[in-house]
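The structure appears right after this line, and notes come after that.
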Amino acid sequence: MDSKIIHAACMGAAVTVIATGVAIIEQERNRNYIPKESCINAIAQREFYMDSILNRGDRHCVEQIRMKPVVLYKLCDVLTSHDLLRSTQNVSIREQVIVFLRIIGQNQRFRFISGIYYRSVETIYHYFRIVLKAVLKLYKHLIKDSGDTVPAEIMNNWRFYPYFKVREQYQYFYTLINYI
């Protein structure tokens, strides 16, 4: 008699476990799931965005970064050849310059640009300053100082006087470039 009671109790427990399992499975089947959004491939999105700026035509490129793609590539080459800018493991020279030009040309905020390029605000700020310093150092290569020899017809002409009068003010500009 004891074995019949134990057997009945075991069968009852097994039926209870099976019934509970079926109820849980049925409940999961009928649950409304909120679909999870797919993960974003930030690297591919970044490249796609930069390519859309550069490859949609000259007019679109000028509207976005204020220069044609050919000029952008030339600027990147100049910055690289003078060893003013380097590509890092995570950020290419092209991306650094495009981000810089978007901020300067469109008056975009760092937070807005960080959202577009899937980067932190600190990263955008860091590379903005690097490109700014590099572009400011280009003055040595692009602007030729004529020295103190100014032709007499220009020096004695009253129309050109204001341009040669402010020479002391340029000293502030040079110290500012070296400070940055």
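Annotation: Tyr125, atom OH; neighbour count of heavy atoms from other residues, nucleotides and ligands within 6.0 Å does not exceed 12. When the shell of 6.0 Å around CD of Glu28 is examined, it contains more than 12 heavy atoms from other residues, nucleotides or ligands.
With sequence neighbours excluded, the residues satisfying side-chain contact (heavy atoms from CB on, under 4.5 Å) with Ser120 are Glu122, Thr123. Every residue two or more places apart in sequence or in another chain that forms a salt bridge (charged side-chain N to carboxylate O under 4.0 Å, His left out) with Arg59 is listed here: Glu63. In this structure Ile25 satisfies the side-chain contact (heavy atoms from CB on, under 4.5 Å) test together with Arg29, sequence neighbours excluded. Residues satisfying the salt bridge (charged side-chain N to carboxylate O under 4.0 Å, His left out) criterion with Arg86, sequence neighbours excluded, are Asp83. When the side-chain contact (heavy atoms from CB on, under 4.5 Å) test is applied to Asp51, the partners found at least two apart in sequence or on another chain are Asn55, Arg94. Looking at residues two or more places apart in sequence or on another chain, you find no ring-ring contact (aromatic ring centres under 6.0 Å, His included) involving Tyr127.
Remark: the backbone N or O of Tyr117 is paired with a side-chain donor or acceptor of Arg46 at under 3.5 angstrom.
Note on Met67: it clusters hydrophobically with Leu132, by side-chain heavy-atom contacts below 4.5 Å among ILVMFWY residues. Val97 and Phe112 end up in the same hydrophobic cluster when Ile, Leu, Val, Met, Phe, Trp and Tyr side chains are linked at under 4.5 Å. Grouping the Ile, Leu, Val, Met, Phe, Trp and Tyr side chains by contacts below 4.5 angstrom, directly or via other members, places Tyr49 with Val121.
The residue from Val71, Leu85, Ile93 that alone fulfils the side-chain contact (heavy atoms from CB on, under 4.5 Å) condition with Cys76 is Ile93.
The line from NZ of Lys133 to CG of Leu138 is 15.0 Å long, rounded to the nearest 0.5 Å. Of the inter-residue distances, the one linking Gln64 atom CD with Leu72 atom CG reads 13.0 Å to the nearest 0.5 angstrom. Note that the NE2 atom of His60 and the CD1 atom of Ile65 stand 9.5 Å from one another [nearest 0.5 Å]. Atom-to-atom distance recorded for Gln106:CD and Ile113:CD1 is 8.5 Å, nearest 0.5 angstrom. Rounding to the nearest 0.5 Å gives a distance of 5.5 Å between CE of Met50 and CD1 of Ile98. Between the CD1 atom of Ile53 and the CD1 atom of Ile116 there is a distance of 7.5 Å, given to the nearest 0.5 Å.
Contact annotation: the side chain of Val99 never approaches that of Val91 to less than 4.5 Å [non-hydrogen atoms, C-beta and beyond].
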Yes or no on side-chain contact (heavy atoms from CB on, under 4.5 Å) for Phe100 and Ile130, after CA distance, side-chain angles and deciding distance?
-> CA-CA 9 Å; Phe100 173 78; Ile130 287 174; over 6 Å; no
Take Ile43 and Tyr118, measure what side-chain contact (heavy atoms from CB on, under 4.5 Å) needs, and give me the verdict at the end.
-> CA-CA 8 Å; Ile43 297 170; Tyr118 300 100; over 6 Å; no
Checking side-chain contact (heavy atoms from CB on, under 4.5 Å) for the pair Arg119/Asn90: CA distance, chi angles, key distance, verdict?
-> CA-CA 10 Å; Arg119 302 254 186 222; Asn90 297 321; 4.1 Å; yes
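The pair Glu95-Arg102 does not count as a salt bridge, with every side-chain nitrogen at least 4.0 angstrom from each carboxylate oxygen.
Scanning all heavy atoms of the two residues, the minimum distance from Lys68 to Cys61 falls at C-SG, 4.1 Å. When every heavy atom of Gln96 is checked against every heavy atom of Ser87, the shortest pair comes out as NE2-CA, 4.3 Å.
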